[in-house]
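Naming convention: chains lettered A, B, ... in sequence-line order (proteins, then strands); numbering from 1 in each chain. Remember, predicted model here, so these are calculated numbers, not experimental data.
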Amino acid sequence: MAAKEINYWLMKSEPDAYSIKDLRNEEETLWDGIRNYQARNFMRSMKIRDQAFFYHSNTKPPGIVGLMEIIETNLIDPFQFDEKSKYYDKKSTKENPRWDCVKTKYICEFKNMITLKELSEIYAPEELTLVRKGNRLSIMPVKKSIAIDLIKKLQQN
DNA sequence: GCCAACGTTGGC
DNA sequence: GCCAACGTTGGC
């Protein structure tokens, strides 16, 4: 039986809010709080067994710190209905929820991160959208060839 | 603190 | 539907 094609993604998080160490401790987490349609749509196209790079943003320096696996998809983000949450969306209804999330599982933390600076020296913005100037997307796809290349590099470190 | 790059909102 | 004003993300 042919192995199912898996796709690769990159997911940003500020470590003050949620870090790779938090994920290592908890093993699994719901990737909630996404309130950007483009990022949401990328999440919607994720499949179980896909893998995602964990990226620490707003750090000195920012960069890729680990790898995780997508273990559940098409989940409803519970915080959109929680009036006390900063992720509350009064326009979202239970009949027609606006925001999704996925569940991810820890695979590994890389001993040495690959910084954004290093990535931008290796890859052009057309190859890796992460290095596009002013990129604010919190979730984005990573081309398979680049993903495999990155994993190899990160494991050598 | 500044700024680039968008996304969102609201007037018309 | 257009566009100006404003807000947000996130690098530096």
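For A:M43 against A:I139, the heavy-atom pair with the smallest separation is CG-CD1, 3.4 Å. Looking at every heavy atom in both residues, A:V102 comes nearest to A:T73 through CG1-CA, 4.1 Å. Looking at every heavy atom in both residues, A:I122 comes nearest to A:K153 through CD1-CE, 3.9 Å.
Residues forming a side chain to side chain donor-acceptor pair (under 3.5 Å) with A:R24 (at least two apart in sequence, or on another chain): A:E109. With sequence neighbours left out, the side chain to side chain donor-acceptor pair (under 3.5 Å) criterion links A:E72 to no other residue.
Aromatic pair A:W99/A:Y37: centroids less than 6.0 angstrom apart.
Through direct or indirect side-chain contacts shorter than 4.5 Å among Ile, Leu, Val, Met, Phe, Trp and Tyr, A:I76 is connected to A:F81.
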Can you list the steps and then say if A:E5 with A:K47 is a salt bridge (charged side-chain N to carboxylate O under 4.0 Å, His left out)?
CA-CA 10 Å; A:E5 189 76 358; A:K47 300 275 190 302; over 6 Å; no

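Contacts between residues 122-137 of chain A and DNA chain B, defined by a heavy-atom separation under 4.0 Å, are made by A:R132, A:K133, A:G134, A:R136.
In 5' to 3' order, the nucleotides of DNA chain C bounding all contacts with chain A (an atom under 4.0 Å from a heavy atom) are C:dG7 to C:dG11.
Taking CG of A:N25 as the reference point, atom OH of A:Y106 lies at 9.0 Å (rounded to 0.5 Å).
Within the 4.0 angstrom heavy-atom criterion, no nucleotide atom of any strand lies near A:K60.
Here the options are A:R40, A:R44, A:R35, the test is salt bridge (charged side-chain N to carboxylate O under 4.0 Å, His left out), and the partner is A:D100; only A:R44 passes.
When the C1' atoms of four end pairs are superposed on the next four at each end of the helix from B:dG1-C:dC12 to B:dC12-C:dG1, using five pairs per end, the two resulting axes differ in direction by 10°, to 10°.
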